[in-house]
Number of protein chains: 2
Amino acid sequence: MNDGRAPGGQALLFLTDEQLRKGIEAMFFAYRGFTADPDRILDERGYGRAHHRAVHFISRTSGTTVNNLLSILGVTKQSLNRVLRTLIEDGLVESRVGKRDKRERNLFLTDAGEELERALSDAQRERMKAAYREAGPEAVQGFRAVLEAMMDPELRRRFNRLKDDVS
Amino acid sequence: MNDGRAPGGQALLFLTDEQLRKGIEAMFFAYRGFTADPDRILDERGYGRAHHRAVHFISRTSGTTVNNLLSILGVTKQSLNRVLRTLIEDGLVESRVGKRDKRERNLFLTDAGEELERALSDAQRERMKAAYREAGPEAVQGFRAVLEAMMDPELRRRFNRLKDDVS
DNA sequence: CTTGGAAAGTCAACAAGGCTGACATAAAAT
DNA sequence: ATTTTATGTCAGCCTTGTTGACTTTCCAAG
């Protein structure tokens with residue numbers, strides 16, 4: 001058929017509706033795969049995706065405040081609080097009163113919390129690693145580039161700030 | 001230091017936990033962007049994502065049966081039925097008794113249904129198109145390759161079958 | 001022709017996880 | 001002293017997923 005490359009060797013974009021539609025469906029099916037493994041683990045332990053997200057970002061930015069977590073996750077405080085409360089009750093998350101500002105709560109994973117986080121991210125990383133291996137290194141660059149370009153500008157800034165935080 | 005290529009010229013993947021974690025977070029934030037525009041449109045009209053998914057795949061594989069739709073969407077028939085019922089009541093979807101097998105229902109979009117589908121997919125395609133443009137043609141190949149590799153095998157087969165159906 | 005089973009639909013009940021609104025408290029900021 | 005901010009909590013609502021039980025329709029095999 002057509003490999004999307006012009007005679008000169010430079011790849012062209014055939015952004016037909018069909019091409020785009022396939023991209024959309026690929027996103028849909030891939031996201032299912034992306035969440036499938038953690039979902040199984042969460043289910044076993046009586047948690048949901050909301051818990052996963054909280055645990056992930058608390059692990060990622062240890063000591064983060066509730067407000068910061070709220071703006072990363074993009075949910076209401078009531079929604080987050082419900083999840084956070086169960087995690088604290090279950091001893092997976094510790095909430096410490098802020099040092100400088102005592103209104104704030106700094107959130108940390110306990111050892112048990114770290115253990116869950118590791119189980120979840122191990123599973124998800126394995127999936128990601130396998131996909132990266134299959135697709136090849138060039139593909140990984142492209143994958144990341146398109147994903148980043150697809151984010152809302154505000155979230156994109158947040159994403160890049162997160163990237164810099166660690167590593 | 002190291003450009004990620006082995007002496008032989010073949011690129012290597014440095015799949016550090018950090019690299020993979022960034023990929024995971026990129027998926028998370030990108031999916032939010034991916035659904036943001038349709039979500040707004042759906043909200044205006046009093047529908048949710050479940051309606052979007054149904055409308056999309058009915059448009060995609062017009063005349064599909066309920067059972068087929070169920071296995072694509074991966075939800076229970078009760079869940080799908082609730083969504084389908086409102087779409088039929090609102091005159092967006094038509095359910096015709098099967099010709100060969102009268103137990104089956106073949107699903108079609110009405111004109112109003114097509115209109116909603118177009119509004120939703122126009123918005124989503126625009127986002128996708130902009131991301132593709134920004135990332136460049138090479139990136140698009142990689143994006144698609146990684147997404148496909150990330151799917152569950154069963155869904156991947158389904159995805160590829162869908163691809164062939166149309167186009 | 002009867003009957004078993006598949007396809008579809010429906011009812012009821014429940015849970016997770018979003019949402020809004022209202023309100024309480026403590027502490028910082030003005 | 002007052003206002004604003006950060007957090008937490010209660011109550012109630014919605015969407016969308018689940019299970020289980022049951023009915024209707026109807027194809028197909030005995």
Side-chain angles (χ1 to χ4, degrees), chain A residues 28 31-32 35-36 38-58 63-90 93-108, chain B residues 28 31-32 35-36 38-58 63-90 93-108:
Chain A
F28 173 66
Y31 202 76
R32 291 251 295 269
T35 55
D39 280 355
R40 264 188 293 275
I41 295 169
L42 290 160
D43 198 55
E44 285 167 13
R45 313 202 186 192
Y47 295 117
R49 256 182 229 180
H51 300 88
H52 183 185
R53 292 194 282 265
V55 162
H56 175 95
F57 285 108
I58 292 172
T64 187
T65 63
V66 173
N67 240 6
N68 186 39
L69 202 51
L70 280 177
S71 56
I72 288 173
L73 296 176
V75 297
T76 59
K77 64 172 178 173
Q78 294 92 329
S79 227
L80 176 59
N81 204 253
R82 182 167 35 198
V83 163
L84 225 39
R85 195 163 47 221
T86 71
L87 290 173
I88 292 169
E89 279 168 6
D90 294 355
V93 168
E94 196 191 343
S95 166
R96 296 184 207 147
V97 172
K99 283 225 155 166
R100 294 164 321 181
D101 187 334
K102 289 179 191 165
R103 289 170 305 180
E104 293 182 343
R105 298 289 180 276
N106 297 115
L107 303 169
F108 302 87
Chain B
F28 173 65
Y31 202 77
R32 291 252 294 270
T35 56
D39 280 354
R40 265 188 292 276
I41 295 169
L42 290 160
D43 197 55
E44 284 166 15
R45 313 203 185 190
Y47 295 116
R49 256 182 227 180
H51 300 89
H52 184 186
R53 291 194 283 265
V55 162
H56 175 94
F57 284 107
I58 292 172
T64 186
T65 63
V66 172
N67 239 11
N68 186 39
L69 203 50
L70 279 177
S71 56
I72 287 172
L73 296 177
V75 297
T76 58
K77 63 174 177 173
Q78 293 91 329
S79 218
L80 175 59
N81 204 255
R82 182 167 35 198
V83 163
L84 228 38
R85 194 164 48 221
T86 71
L87 290 172
I88 292 169
E89 279 168 7
D90 295 354
V93 167
E94 197 192 343
S95 167
R96 295 185 207 148
V97 172
K99 283 228 155 164
R100 296 166 319 183
D101 186 335
K102 290 178 192 166
R103 288 167 303 180
E104 292 183 345
R105 300 289 181 276
N106 297 113
L107 302 170
F108 302 88

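Both backbone and side-chain heavy atoms feed into the values below; hydrogens, waters and symmetry mates do not. Residue numbers start from 1 in every chain, and the chains themselves are labelled A, B, ... in the order their sequence lines are given, proteins ahead of strands.
- Distance CG (B:L70) to C1' (C:dG9): 11 Å, rounded to an integer number of Å.
- For B:Y47 and D:dT16, the OH to P distance is 11 Å, given to the nearest whole Å.
- Only B:K77, B:Q78, B:N81, listed by number, bring a heavy atom of residues 73-84 of chain B to less than 4.0 angstrom from any atom of DNA chain C.
- Closest approach of B:T64 to B:N68, counting heavy atoms only: OG1-ND2, 2.7 Å.
- By the side chain to side chain donor-acceptor pair (under 3.5 Å) test, B:D90 is found to be paired with B:Y47, residues two or more places apart in sequence or in another chain being considered.
- Nearest nucleotide to the side chain of B:R105, out of D:dC26, C:dG9, C:dG18: C:dG9.
- Rounded to a whole Å, the CG atom of A:D43 is 13 Å from the C1' atom of D:dT19.
- To the nearest angstrom, P of C:dA28 lies 6 Å from NZ of A:K102.
- An OP1 or OP2 oxygen of D:dT15 is reached within less than 4.0 angstrom by no side-chain nitrogen or oxygen of B:R49.
- In this view, B:R32 satisfies the salt bridge (charged side-chain N to carboxylate O under 4.0 Å, His left out) rule with no residue, not counting sequence neighbours.
- For D:dT5, the OP1/OP2 oxygens have no side-chain nitrogen or oxygen of A:N67 closer than 4.0 Å.
- Phosphate proximity of D:dT15 to B:H51: absent, as no side-chain N or O sits under 4.0 Å from OP1 or OP2.
- Of the inter-residue distances, the one linking B:E94 atom CD with B:R105 atom CZ reads 12.5 Å to the nearest 0.5 angstrom.
- If you check C:dA8, C:dG18, C:dG17 against the side chain of A:R53, the one that comes closest is C:dG18.
- Rounded to whole angstrom, the span from the CD atom of B:E89 across to the P atom of C:dG9 amounts to 13 Å.
- Scanning all heavy atoms of the two residues, the minimum distance from A:L84 to A:L107 falls at CD2-CD1, 3.9 Å.
- Nearest-nucleotide positions on DNA chain C for A:G48 and A:R100 put A:G48 closer to the 5' end.
- By the 30° and 60° cut-offs, the orientation of the rings of A:Y31 relative to B:Y31 is parallel.
- Looking at every heavy atom in both residues, B:A54 comes nearest to B:L87 through CB-CD1, 4.1 Å.
- A straight line from CZ of A:R96 to C1' of D:dA6 spans 19 Å, rounded to a whole angstrom.
- Between B:I88 atom CD1 and C:dA8 atom C1' there is a gap of 11 Å when expressed in whole angstrom units.
- For B:D39 and D:dT15, the CG to P distance is 14 Å, given to the nearest whole Å.
- When each of D:dT25, D:dT5, D:dT16 is scored by its nearest atom to the side-chain atoms of A:R103, the top-ranked nucleotide is D:dT5.
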